[in-house]
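Some notes on the structure that comes next.
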Amino acid sequence: MDFSKFKKGTTAVWAGEGENNGTGGVTTPIVNSVAFSYHDLDVWHQVSLGNAEGFIYSRNTNPTVQALEHKIMLLEGAEAATSFATGMAAISNTLFAFLTAGKRVVSLKDTYGGTSKIFLDFLPKYNVSVTLCDTTDHEALEAEIAKGCDMLYLETPTNPTLKVVDIARLAKAAHTVGAVVVVDNTFATPINQNPLQLGADLVVHSATKFLCGHSDAMGGLLAGKKELVQHVYHFREINGGSLQADPAYMIARGMKTLELRIERQNASALTIAKYLKAHPKVKDVYYPGLETHPGHDIAKRQMRGFGGMMSFALNGDYDMVRQFLTKLQLVHLAASLGSVSTLAGPPRTTSHVELTEAQRAQLGIPESLIRYSVGIENVDDLLADLENALNSL
Ligand SMILES: *Cc1c(COP(=O)(O)O)cnc(C)c1O
């Protein structure tokens, strides 16, 4: 099928489906077979060598997993895609596949907590040079890139303060020095933002979040230029961070409703952000859809919607956060994000639990910050819930 003529919502439903399904079934089956058998030894050999289409062993790929890989490939407008057991497996495989001893990576101070750990604690031990810049200081980023680097690694909007970086501007700078540009697109999803169209070479996702959308399966995805994806794939098929068929099915199932969910979450989040912004008990709201957000202009240029993630700080201390969060009814107080149900938590317990209070302060994360991942509930009920909890303070 030629997907180039379809809109995202159509692609999300149809891409990858039916391609490995000889049964006439209208959904991709879950193929739990570890290995795939051949009667003809020569065909087997050619498939093993990668010279012919087919499946060998599920650590490499699998019919169900490949259907999911096709979905993200087409939604991100990529030449190729591959998958991983978790989002962190996608990120660590991508970093370690390219960043061998002596290489240099430029990135942001505000990357996802786990990613930040790899930059600060692991890569330096392998003699990789890591430079993390202030996330929104584009001049500083350009200056560091111009010194020469092998990879530019971005994430936008960031976790948890929703900072926005200009992908097109920084990708251009990185390509001048021949660096590979990688963007973590987990928060935006391909419905709201396509980094490859803005100049990135690779896009990574924690499929655990919005793509799956139901908090019931973990996975990671990578899409982009074919030879770059292949490079990471070869590393992953050997180190074994592969995705299994069952979660691949769950994620692909979730992705069929991606556009519906994201449109709802975009709209609800904007309504809630405006409501909170005007509330006297709220000190600050971090949402790129608000005109007062410092990254709003860039976000407007590079995103089609502002997403379902926001954070806000109360006019008070951590005790107030505790009181407020436990008063809310329509949230799971839990880590993770991007689910059908609203999730909330303080970054000091969720995304940035690995950091010290001083490190969080350095990143501009107040201890009274609340990360709020808007679900697909009716927004009137969410607003009433927030109102009730705020009034109780
Ligand atoms: C959750 C998350 C990850 C890590 O994904 P896992 O599936 O939990 O390993 C990476 N980046 C971002 C932005 C995330 O939110």
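In listed order, ligands and their atoms are each counted from 1.
- Near Glu155, meaning under 4.0 Å from one of its heavy atoms, ligand 1 places the atoms 13 (C).
- Every atom of ligand 1 with a heavy atom of Gly87 under 4.0 Å away is listed here by number and element: 5 (O), 6 (P), 7 (O), 9 (O).
- In terms of protein heavy-atom proximity, atom 4 (C) of ligand 1 is nearest to Tyr112 CE2, 3.5 Å.
- Closest to atom 5 (O) of ligand 1 among all protein heavy atoms lies Ser206 OG, 2.9 Å.
- For ligand 1, one of its N or O atoms has an N or O atom of Thr208 under 3.5 Å away.
- Looking only at heavy atoms of the protein, atom 1 (C) of ligand 1 is closest to Lys209 NZ, 1.3 Å.
- When only interatomic distances are considered, the shortest N/O to N/O separation between Met88 and ligand 1 falls below 3.5 Å.
- Counting only distance, with no hydrogens or angles, the side chain of Thr111 and the backbone of Ser107 share no donor-acceptor pair below 3.5 Å.
- Here the heavy atom of the protein found nearest to atom 11 (N) of ligand 1 is Asp184 OD2, 2.7 Å.
- When only non-hydrogen protein atoms are considered, atom 8 (O) of ligand 1 lies nearest to Met218 CE, 3.8 Å.
- Ring centers of Phe210 and Phe187: at least 6.0 Å apart, outside the cut-off.
- A ring-centre distance under 6.0 Å is found for Phe306 and His296.
- Only side-chain heavy atoms of Ile91 come within less than 4.0 Å of ligand 1; its backbone N, CA, C and O stay farther off.
- Around atom NZ of Lys281, more than 12 heavy atoms belonging to other residues, nucleotides or ligands sit under 6.0 Å away.
- Here the straight-line distance linking atom CD of Glu387 with atom CG of Leu382 works out to 13.0 Å at 0.5 Å rounding.
- Residues Gln66 and Thr61 have side chains that never bring a donor and an acceptor to within less than 3.5 angstrom of each other.
- Under the 6.0 Å cut-off for aromatic ring centres, Tyr153 and Phe119 qualify, their centroids lying closer than that.
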